[in-house]
Amino acid sequence: AGATSEASGAPNLELLLARRGIKAAAAAPLLQRLARAGVADVRRLLAGLARRPDLVDKLNLGELTAQRLMQLDDDALAPPALADARRRRLAEVARGELAGGSFLRLQCPECGAADAHGSMFNSAAGAKPM
């Protein structure tokens with residue numbers, strides 16, 4: 001059996017939360033908030049709960065509220081090793097240690113800065129690079 005409502009085809013959030021190990025007492029306030037959230041946010045939060053069983057435990061123990069869970073960013077929902085790797089990469093970029101030269105150094109068409117980072121591509125939206 002799937003995790004969708006047969007009548008509407010909409011996801012059965014209560015079942016999805018139960019499958020993630022969230023107990024009914026913790027699921028009730030979370031369901032209310034998820035019902036008002038956009039589809040992308042619901043998917044992001046459900047994926048985060050699947051990746052971070054410790055967050056499920058904290059929800060069930062009352063150490064993490066539904067309101068606070070909804071406010072967590074992508075790094076907080078990611079496995080700690082992935083979040084650490086992201087932070088290290090951002091620190092490398094900030095220090096100018098661009099491993100492998102993965103960013104292009106460009107002159108900014110808006111302000112003329114010679115140390116802009118990014119890429120340029122042709123756009124049908126206008127004549128200048130985006």
Side-chain angles (χ1 to χ4, degrees):
T4 60
S5 169
E6 290 181 29
S8 68
N12 183 335
L13 293 177
E14 189 172 359
L15 179 58
L16 290 171
L17 292 176
R19 287 183 178 173
R20 301 268 184 309
I22 298 174
K23 296 178 181 171
L30 186 54
L31 284 168
Q32 291 175 355
R33 292 187 178 276
L34 289 174
R36 294 188 304 261
V39 173
D41 282 333
V42 171
R43 287 182 178 166
R44 184 180 70 83
L45 291 165
L46 290 174
L49 291 172
R51 292 181 185 112
R52 296 278 312 269
D54 60 308
L55 294 178
V56 172
D57 292 340
K58 288 178 181 182
L59 274 169
N60 287 333
L61 294 171
E63 296 173 7
L64 177 65
T65 65
Q67 178 181 1
R68 179 66 186 119
L69 175 70
M70 299 290 290
Q71 295 170 345
L72 294 178
D73 64 12
D74 290 341
D75 280 343
L77 293 169
L82 178 59
D84 290 343
R86 288 176 180 164
R87 281 189 286 276
R88 281 192 307 275
R89 180 68 176 146
L90 285 174
E92 288 174 9
V93 169
R95 290 189 308 264
E97 300 170 4
L98 304 173
S102 60
F103 290 100
L104 299 174
R105 293 194 182 271
L106 306 170
Q107 182 175 2
C108 177
E110 297 293 322
C111 69
D115 60 347
H117 300 281
S119 61
M120 296 182 358
F121 61 91
N122 291 330
S123 168
K128 70 179 183 179
M130 298 178 73

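Owing to the predicted nature of the structure, the values given are computational and were not obtained by experimental measurement. Note: hydrogens, waters and symmetry copies are ignored here, and every other heavy atom, side chains too, is used.
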Inset, instruction - Using the test side-chain contact (heavy atoms from CB on, under 4.5 Å), find all partners of Pro29 that sit at least two apart in sequence or belong to another chain. - result: Ala66
Legend entry - Over all atoms of both residues, closest heavy-atom pair of Pro80 and Arg52: CD-CD, 4.0 Å
Legend entry - Asp57: partners by salt bridge (charged side-chain N to carboxylate O under 4.0 Å, His left out), with sequence neighbours left out: none
Inset, instruction - Mind jotting down which residue pairs meet the side-chain hydrogen bond (donor to acceptor under 3.5 Å, both in side chains) criterion with at least one end in residues 23-34? Sequence neighbours excluded, please. - result: none
Legend entry - Spatial distance of atom CG (Leu16) from atom CG (Leu31) [nearest 0.5 Å]: 9.5 Å
Inset, instruction - Over all heavy atoms of both residues, which pair between Ala26 and Asn60 is shortest? Give the atoms and the distance, please. - result: CB-OD1, 3.7 Å
Inset, instruction - Could I get the full list of side-chain contact (heavy atoms from CB on, under 4.5 Å) partners for Val42, not counting sequence neighbours? - result: Leu13, Leu34, Ala37, Leu46
Legend entry - Of all pairs that satisfy salt bridge (charged side-chain N to carboxylate O under 4.0 Å, His left out), the ones with a partner from residues 59-83, not counting sequence neighbours: Arg44-Asp74, Asp75-Arg86
Legend entry - Which residues share a salt bridge (charged side-chain N to carboxylate O under 4.0 Å, His left out) with Arg20, sequence neighbours left out: none
Inset, instruction - Find out whether Met70 and Thr65 are in side-chain contact, i.e. whether some heavy atom of one side chain is under 4.5 Å from a heavy atom of the other. - result: no
Inset, instruction - Determine the minimum heavy-atom distance between Leu30 and Leu49, stating which atoms define it. - result: CD2-CD1, 4.4 Å
Legend entry - Straight-line distance of Ile22 CD1 to Leu69 CG, nearest 0.5 Å: 7.5 Å
Inset, instruction - Output the distance between atom CG (Asp54) and atom NZ (Lys58), rounded to the nearest 0.5 Å. - result: 5.5 Å
Inset, instruction - Quick one: list whatever passes salt bridge (charged side-chain N to carboxylate O under 4.0 Å, His left out) with Arg87, sequence neighbours left out. - result: Asp84
